[in-house]
Amino acid sequence: MPTIAAPSQEEVRRRNLGALLRYVHIHGATSRAELTDRLGLNRSTIGALTADLAAAGLISEETPRKTGRAGRPSLVVRPRTSRVYAYALSIEVDRLRAARVGLGGKVLDSRAADRPRGMQILDTIGPLTDLVRDMRRAVPAGSSCVGGGVSVTGTVRGADGTVRIGSPVGRVADPVGEALGTELGHDHAIAIANAADVGALGEHARGSAAPFDDVIYLHGDVGIGSGIIAGGRPVTGHGGHGGEAGHMVVNPHGRACGCGSRGCWETEIGEQALLQRAGQADATGRDAVIAVIDAAGRGDQEAGAAIRHVADWLGFGVVNLVNIFNPNVVVFGGTLRELYLAGSAQVHSRLSSMALPGREHVRLRTPLLGDDAPLMGAAELAFERLLEDPLVAAG
């Protein structure tokens with residue numbers, strides 16, 4: 001059996017630097033004493049790590065205000081939110097969004113623009129670049145950008161950020177991350193991932209899934225995507241193509257799907273499924289979905305029947321995912337948020353009648369970050385390189 005070499009002191013140091021920076025990035029201002037307890041390191045090690053991170057301009061330390069306790073107070077460690085930042089971009093069905101997000105998760109600036117339906121993925125590069133350049137004008141001197149992250153509605157190949165939209169043959173765009181990096185003249189990598197995957201990252205870091213390590217985030221718009229976190233780590237599958245829960249076949253005799261199959265989950269719970277059931281086949285977009293839900297709330301029988309039918313299929317698919325992954329929590333994002341809230345009775349009924357024993361702990365929730373879950377997840381994607389190896393990424 002081959003001998004596995006123990007990590008070097010430098011490797012251990014870098015790992016500890018990343019763990020400390022990640023903790024204050026997620027939890028905010030934290031005393032050295034709490035860091036000692038949470039990270040399982042001694043006080044002198046914490047002191048050395050914070051000194052390194054402060055010298056790199058990533059954190060600051062300050063004496064807390066009166067604590068009411070005797071003795072020397074523990075210094076408080078804070079992320080340098082206003083100095084260290086990343087760009088988060090979101091390519092959505094109907095709009096484009098960009099934000100400058102500081103270390104620690106605070107949105108420092110943001111911009112948005114409409115995206116006409118039918119606009120090709122590469123045609124969004126110019127407008128997104130304009131949004132970022134507009135924000136750059138307001139960046140204070142001495143600030144440091146550590147990268148960028150992009151959330152996109154579509155299937156993303158992890159190796160190079162190539163986005164596939166539509167059918168199995170599909171329309172394959174050039175690498176979006178590379179194209180954005182070229183346009184922005186960026187020295188750092190632009191990471192790109194599916195909206196559901198980054199939505200899961202955002203909700204796991206700062207939203208309704210924050211206390212849990214086993215999470216399913218479902219994102220609905222024209223299609224349905226799922227972001228899966230197991231044991232605290234994203235599950236993206238080979239090449240980043242995992243999580244296509246929308247193409248889980250739930251009704252073999254159902255409608256034809258754009259992927260070439262029939263009866264996929266998104267043909268039963270997607271935007272068009274609800275609108276067609278409600279007699280609004282010519283309508284599109286989230287506003288149309290919300291209008292159907294509002295009509296049901298006012299007693300419209302056709303709208304109400306449509307919601308109950310689609311929500312029942314929503315519950316059917318959720319039970320399949322729950323039985324497979326046994327998560328702590330399922331979060332409904334995008335248009336699925338409104339559908340779940342309107343049809344929660346049907347979803348819970350399916351869960352109680354079809355879930356395997358041992359799934360009673362599963363919580364069903366809506367995103368604490370709301371529509372910002374993919375955008376904030378894109379920021380987490382951008383910060384990951386820094387959190388993995390703070391001194392190299394910051395340098």
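For this chain, numbers begin at 1 and follow the sequence in order.
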Under 4.5 Å side-chain linkage, directly or through intermediates, the cluster mates of V329
F212, V215, Y217, I229, V331

What is the distance from atom OG of S151 to atom CG of D197, rounded to the nearest 0.5 Å?
9.0 Å

Neighbour count above 12 (heavy atom, 6.0 Å) for D282 CG:
no

Where is the tightest heavy-atom contact between L356 and N323, given as atom of each residue plus distance?
N-OD1, 2.9 Å

Charged N to carboxylate O below 4.0 Å: is that the case for [X] and [Y]?
| X | Y | result |
| --- | --- | --- |
| E302 | R277 | no |
| D221 | R286 | no |
| E62 | R78 | yes |

Looking only at atom types and distance, does a side-chain atom of R262 sit under 3.5 Å from a main-chain N or O of G254, one as donor and one as acceptor?
yes

Pairing residues for F316 by the ring-ring contact (aromatic ring centres under 6.0 Å, His included) criterion, not counting sequence neighbours:
W313

Contacts of H25 that satisfy ring-ring contact (aromatic ring centres under 6.0 Å, His included) - sequence neighbours left out:
F383

Contacts of R14 meeting salt bridge (charged side-chain N to carboxylate O under 4.0 Å, His left out) (sequence neighbours excluded), chain-then-number -> E10, D389

Please work out which of the three classes, parallel, tilted or perpendicular, describes the rings of F332 and Y340, given edges at 30° and 60°.
parallel

Summary of side chain to side chain donor-acceptor pair (under 3.5 Å) pairs that have at least one residue in residues 224-233, sequence neighbours excluded:
none

What pairs of residues pass the side chain to side chain donor-acceptor pair (under 3.5 Å) test when at least one of them lies in residues 353-363, not counting sequence neighbours?
N326-H361

Within the 4.5 Å heavy-atom criterion, are V132 and R100 side-chain neighbours or not?
no

Evaluate the side-chain proximity of V362 to V318: yes if any heavy-atom separation is below 4.5 Å, no if none is.
no

Should D372 and R97 be marked as a salt bridge (Lys or Arg N to Asp or Glu O under 4.0 Å) after you check the CA-CA gap, both sets of side-chain angles, and the distance that decides it?
CA-CA 10 Å; D372 288 339; R97 291 195 290 166; 2.6 Å; yes

